[in-house]
Amino acid sequence: MNRATPVTIVMIEDDEGHARLIEKNIRRAGVNNEIIPFTNGTDALTFLLGADGSGEESAGRHLLVLLDLNLPDMTGVSILEKIKNNQHIRRSPVVVLTTTDDQREIQRCYDLGANVYITKPVDYDGFANAIRQLGLFFSVMQVPETA
């Protein structure tokens, strides 16, 4: 019997209010997976790719990355590129959550391999609803086994 490995949610979001809102709505949607929060890209990449940057220590992990594009130390786009260019974690789904609704930026993220792009609405209800839908997405999502 193949038991599904639980997916760990890696949240890269520097706005504490947004981070709390995201977590609250993921929980409200019935998703109990572990959420590991990071407020900057440097720490997140160290976690994802390891101190040596090889990504090898994430080889056996089932990860889902929630990525804000506007971070204090680097752009979310560069983090997305590093994830999708790494053989060990490139299959990990990446959900971009950002206030940027620039079409070129959205297209660039999809071209680089983002799975979902959600624009953070300024109003609370719209944002909460988007996260709830994301929660439903998590609950049915199967992360492919790495070969």
side-chain contact (heavy atoms from CB on, under 4.5 Å) between Val65 and Ile83: does it pass, once the steps are laid out?
CA-CA 9 Å; Val65 180; Ile83 291 170; 4.1 Å; yes
pair Arg61-Leu48: side-chain heavy atoms closer than 4.5 Å
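Counting from C-beta outward, Arg61 and Leu48 never come under 4.5 Å.
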For the student: nearest non-hydrogen atoms of [X] and [Y], plus distance:
{"X": "Thr99", "Y": "Thr119", "answer": "O-CG2, 3.9 Å"}
{"X": "Ser58", "Y": "Leu63", "answer": "OG-CD1, 4.0 Å"}
{"X": "Arg90", "Y": "Lys84", "answer": "O-NZ, 3.0 Å"}
{"X": "Phe47", "Y": "Phe38", "answer": "CB-CZ, 3.3 Å"}
{"X": "Glu105", "Y": "Val77", "answer": "OE2-CG2, 3.9 Å"}
{"X": "Asn115", "Y": "Ser92", "answer": "OD1-O, 4.3 Å"}

Atom [atom1] in [X], atom [atom2] in [Y]: separation rounded to 0.5 Å?
{"X": "Met11", "Y": "His18", "atom1": "CE", "atom2": "NE2", "value": "11.5 Å"}
{"X": "Glu13", "Y": "Leu66", "atom1": "CD", "atom2": "CG", "value": "9.5 Å"}
{"X": "Asn40", "Y": "Asp68", "atom1": "CG", "atom2": "CG", "value": "12.0 Å"}

So, does Asn86 use its side chain to make a donor-acceptor pair with the main chain of Lys82 at under 3.5 Å?
no
Between the side chain of Tyr110 and the main-chain N/O of Tyr117, is any donor-acceptor distance below 3.5 Å?
yes
I'd like to know if the side chain of Asp52 pairs up with that of Ser54 as donor and acceptor (distance under 3.5 Å, no hydrogens or angles considered).
yes
Do Thr42 and Asp73 get their side chains close enough for a donor-acceptor pair, meaning under 3.5 Å?
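Asp73 and Thr42 do have a side-chain donor-acceptor pair below 3.5 Å.
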